[in-house]
Each structure stands twice: as structure tokens, then as C-alpha cells.
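Everything on this sheet refers to the single structure shown next.
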Protein chains: 2
Amino acid sequence: MKQSLSLDAHGVMTIGQMCEAFDVTPRTLRFYEQRNLIAPIREGQRRLFTARDRARLKLILRGKRFGFSLDDIQELLELYDPQDGQRRQLAATLERAVERLAAMQAQRLELDAAIDELKGQIGLVERMLADRGRAEAAE
Amino acid sequence: MKQSLSLDAHGVMTIGQMCEAFDVTPRTLRFYEQRNLIAPIREGQRRLFTARDRARLKLILRGKRFGFSLDDIQELLELYDPQDGQRRQLAATLERAVERLAAMQAQRLELDAAIDELKGQIGLVERMLADRGRAEAAE
DNA sequence: GCTTACGCTTACGTTCACGTCAAGTGATTG
DNA sequence: CAATCACTTGACGTGAACGTAAGCGTAAGC
């Protein structure tokens with residue numbers, strides 16, 4: 001039973017494989033590494049991207065689609081692997097996560113409203129087209 | 001019966017009033033005008049923003065929160081006032097609107113997934129804190 | 001009549017998120 | 001062995017979305 005994705009025995013991927021899999025450029029991945037958004041391991045000079053990197057990249061790209069900045073995403077990522085054992089840190093992380101959640105739920109409401117509006121608008125244009133059709137047929 | 005918003009008898013607002021109402025800078029409004037996203041009327045040199053400008057600005061700001069570029073938003077705005085009588089144009093507008101709608105519905109699905117994930121993550125961190133609490137209590 | 005507030009244009013500066021060379025390093029391949 | 005990949009590290013360039021500073025106009029209020 002083979003994997004469908006191209007990854008070696010240890011589940012790591014090269015930069016090229018990553019680029020293909022996620023449709024990004026090498027520059028983007030190096031940039032994200034420099035920003036400490038991902039942390040591929042090094043085999044000599046070369047980067048090897050682990051499952052953790054892939055999971056984080058997914059979150060990064062999704063965050064971008066929601067209009068978050070890389071700074072925002074940085075924070076978001078910290079919510080997804082609490083790397084510290086400090087209780088104080090954990091509590092702070094939790095608090096920010098709850099805030100994020102509220103923000104995302106608000107965004108969801110807005111998005112729903114926007115969708116409804118657009119639907120209404122589409123209905124309007126459709127009726128305009130229909131009227132136009134009948135007017136032309138009446139000539 | 002007076003208006004709560006500060007606008008004159010004709011329902012127009014100055015740039016300063018707009019900035020206060022929408023929490024943007026004058027520069028932003030002038031920039032949007034230059035990009036033809038809004039079209040305030042002129043009283044001499046000064047700009048006067050109409051209800052139409054305000055409606056469009058709302059859409060602009062909402063679009064930005066969803067991660068749309070100003071170019072995207074430009075297109076979106078055209079969906080909301082079909083200014084041309086050309087049937088061909090209307091049909092094209094309609095088509096783009098339907099595409100947008102699909103995109104926004106997809107984004108909605110993604111957002112829901114993201115919200116669920118974050119909720120799960122919050123639950124995890126909460127349990128970590130609870131365990132930590134019990135561990136400390138056991139000492 | 002002078003200041004203060006508000007607004008205008010022009011134009012250069014800045015930040016973010018990369019794009020785009022340039023020059024070099026191994027590893028395979030004909 | 002030369003060439004070709006795939007990858008590396010700088011370093012400078014770029015487009016989008018404004019920020020910011022300079023210099024000017026005008027109307028209100030003291």
C-alpha cells in the first residue's frame with residue numbers, strides 16, 4: 001500500500017514537492033520559514049518538510065483566504081500547537097483563541113449577509129434581463 | 001424627527017464625517033475615489049459623499065474584511081449597480097455574480113470548517129489546563 | 001485681521017508579501 | 001567529465017494599499 005503523495009519513508013517532502021502539492025513557489029516557502037511560520041528540518045543545506053509543516057501551511061493558506069495577515073496567522077498557528085508548558089502562557093493562548101473564534105463567527109455572520117445580498121442582486125439582474133427580453137419580444 | 005447621522009438637508013456628508021462614521025482616513029477615501037470605487041460630488045473643490053457613496057463604501061470595507069483586493073471589489077461593485085443598458089453587459093455581469101456567489105459559498109464552508117477546528121483546539125487547551133490544575137492539586 | 005479648523009493637490013515614503021535575478025552547491029545522468 | 005537538475009543564499013525589485021509631509025484655499029470665530 002503506497003502513499004498517493006510523494007513523500008519518502010520518513011514522511012518528509014522536498015521543497016519542489018511542497019510547491020506542487022500546495023501550488024506555491026519556493027520563494028513563498030522560504031519566506032514563510034524566515035517568518036517562522038514553518039520550520040522544515042535541514043539535511044545539509046536542503047529543507048525537508050514534515051507533516052507538521054504541511055499542516056501549518058494548510059492553516060497559513062486558509063488564513064490568507066480569509067484575509068488574515070501573516071502576523072495574524074503567526075498568532076493563529078500558536079493556538080494550534082501550544083509549545084510551552086507554562087500555565088500562564090496556556091491561559092493567554094486560550095484567551096486569544098476564544099477572541100479569534102468570536103471574530104470568525106462574526107465574519108461568518110457577515111459572510112452570510114453578503115451572500116444573501118448578492119443573491120438578491122442576482123435576482124434583480126435576472127428580472128431585468130427577463131423584462132428586457134419581453135420588451136424586445138413585444139416589438 | 002432628526003437624523004442621527006450628521007448629514008445636511010440633501011443627505012450628503014463631508015470627508016470628515018465619513019471618516020468618523022466609517023473609521024477610515026481621508027487619504028483612504030481620496031484613494032478610493034481615484035480608483036473609481038466611489039464618486040463623491042464636488043462643491044467647488046470639496047467632496048460631498050452621497051448615500052450611494054456610503055453604500056459602496058460599506059461594500060468595499062466588507063469586501064476587504066473577506067480578503068478581497070480592491071480590484072476584486074471593483075468588480076463586485078459593478079454587480080450592485082448595473083449602470084449600462086446593454087443586454088450583453090447585463091448577462092456578463094450576471095455570470096460573474098453567480099461565480100462570485102459560488103466562491104463566497106465555498107468560503108463559507110471553509111470558514112465553518114475552520115471554526116469547528118478552532119473550537120476543537122480550544123477544547124484541547126481547556127483540558128490541558130484542567131489536567132494541569134489537577135496535577136498541581138495532587139502535589 | 002489673524003488664527004484655527006477643515007479640506008485640497010502633489011508627491012515621495014512605507015509596509016506587506018512576495019517576485020526576480022545572480023551566483024553557488026551537491027547529486028545524478030549521458 | 002561535462003552537463004543538467006534541484007536546491008541553496010543573498011540582494012534588489014515590485015504592486016497593492018495606503019501614510020505622511022509640504023504648501024495652499026476658504027470659512028468661521030474672536
Side-chain angles (χ1 to χ4, degrees), chain A residues 5-50 53-54 56-77, chain B residues 5-10 12-50 53-54 56-78:
Chain A
L5 275 173
S6 46
L7 29 79
D8 84 349
H10 301 301
V12 298
M13 286 170 63
T14 71
I15 200 168
Q17 294 167 338
M18 289 290 285
C19 292
E20 180 128 358
F22 291 93
D23 193 31
V24 295
T25 68
R27 177 69 231 261
T28 300
L29 293 176
R30 298 190 189 111
F31 180 69
Y32 288 168
E33 181 187 19
Q34 182 186 312
R35 294 278 313 252
N36 294 318
L37 298 177
I38 50 183
I41 55 180
R42 292 307 182 101
E43 187 193 45
Q45 287 252 86
R46 316 181 103 185
R47 295 165 174 83
L48 291 178
F49 297 81
T50 67
D53 294 318
R54 292 192 291 276
R56 291 172 72 90
L57 183 54
K58 267 188 204 173
L59 282 172
I60 294 167
L61 297 178
R62 190 165 67 186
K64 293 211 66 188
R65 284 194 292 276
F66 294 156
F68 292 152
S69 74
L70 291 187
D71 276 1
D72 291 339
I73 292 170
Q74 172 87 292
E75 242 193 273
L76 254 171
L77 283 174
Chain B
L5 273 171
S6 47
L7 28 79
D8 84 350
H10 302 301
V12 298
M13 288 171 62
T14 71
I15 200 168
Q17 294 168 338
M18 289 289 285
C19 292
E20 180 129 356
F22 291 94
D23 192 33
V24 294
T25 68
R27 177 71 174 99
T28 299
L29 293 177
R30 297 189 189 112
F31 180 69
Y32 289 167
E33 180 188 19
Q34 183 187 312
R35 293 277 314 251
N36 294 317
L37 298 178
I38 50 183
I41 56 181
R42 293 305 182 103
E43 187 194 46
Q45 284 251 87
R46 314 182 107 186
R47 294 166 174 81
L48 292 177
F49 296 81
T50 67
D53 293 318
R54 292 193 290 276
R56 290 173 73 91
L57 183 55
K58 267 189 203 172
L59 282 172
I60 293 167
L61 297 178
R62 190 164 67 188
K64 293 211 68 188
R65 283 194 292 276
F66 294 156
F68 291 152
S69 73
L70 293 187
D71 276 2
D72 291 340
I73 292 170
Q74 171 87 292
E75 243 192 90
L76 254 171
L77 284 174
E78 286 169 21

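Labels below follow one simple rule: chain letters A, B, ... track the order of the sequence lines, proteins then strands, and each chain is numbered from 1. Quantities reported herein were computed from a predicted structural model and do not represent experimental measurements.
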Just wondering, do [Y] and [X] contact through their side chains at under 4.5 Å, heavy atoms?
{"X": "B/Asp71", "Y": "B/Arg35", "value": "yes"}
{"X": "B/Pro26", "Y": "B/Leu29", "value": "no"}
{"X": "B/Phe22", "Y": "B/Lys58", "value": "yes"}

Can you check the [X] [atom1] to [N] [atom2] distance for me, whole Å?
{"X": "B/Arg30", "N": "C/dC12", "atom1": "CZ", "atom2": "P", "answer": "18 Å"}
{"X": "B/Glu20", "N": "C/dG7", "atom1": "CD", "atom2": "P", "answer": "11 Å"}
{"X": "A/Leu29", "N": "D/dT8", "atom1": "CG", "atom2": "C1'", "answer": "14 Å"}
{"X": "B/Asp71", "N": "D/dC18", "atom1": "CG", "atom2": "P", "answer": "12 Å"}
{"X": "A/Glu43", "N": "D/dC7", "atom1": "CD", "atom2": "P", "answer": "12 Å"}
{"X": "B/Leu48", "N": "D/dT26", "atom1": "CG", "atom2": "P", "answer": "16 Å"}
{"X": "A/Arg46", "N": "D/dA6", "atom1": "CZ", "atom2": "C1'", "answer": "5 Å"}
{"X": "A/Ile60", "N": "C/dC16", "atom1": "CD1", "atom2": "C1'", "answer": "15 Å"}

Original post:
Side chain of B/Arg27, base of D/dG19: donor and acceptor closer than 3.5 Å?
Top reply: yes
Considering only side-chain heavy atoms of [X], which listed nucleotide, [options], is closest?
{"X": "A/Phe31", "options": "D/dT9, D/dA16, C/dA17", "result": "C/dA17"}
{"X": "B/Leu70", "options": "C/dG19, D/dG19, D/dA17", "result": "D/dA17"}
{"X": "B/Gln45", "options": "C/dT9, C/dC18, D/dA17", "result": "C/dT9"}
{"X": "A/Arg47", "options": "C/dA17, D/dC7, D/dT8", "result": "D/dT8"}

Subject >> Derivation of the side chain to side chain contact (heavy atoms under 4.5 Å, CB included) call for A/Ile60 and A/Leu77 >> reply: CA-CA 8 Å; A/Ile60 294 167; A/Leu77 283 174; 3.9 Å; yes
Is the phosphate of [N] approached by [X] (side-chain N or O, under 4.0 Å from OP1 or OP2)?
{"X": "A/Thr25", "N": "C/dC18", "value": "no"}
{"X": "B/Tyr32", "N": "D/dA17", "value": "no"}
{"X": "B/Thr14", "N": "C/dG7", "value": "yes"}
{"X": "B/Thr28", "N": "D/dA17", "value": "no"}
{"X": "B/Lys64", "N": "D/dC18", "value": "yes"}

**OP:** Searching all strands shown, indicate the nucleotide that pairs with D/dG15 (Watson-Crick or G-U wobble; both distances under 3.5 Å).
**Re:** C/dC16
Subject >> Whichever of B/Glu33 and A/Arg35 has its nearest DNA chain C nucleotide further upstream toward 5' >> reply: B/Glu33
Original post:
Going through the checks in order, is the side chain to side chain contact (heavy atoms under 4.5 Å, CB included) test met by A/Leu70 and A/Leu37?
Top reply: CA-CA 8 Å; A/Leu70 291 187; A/Leu37 298 177; 4.0 Å; yes
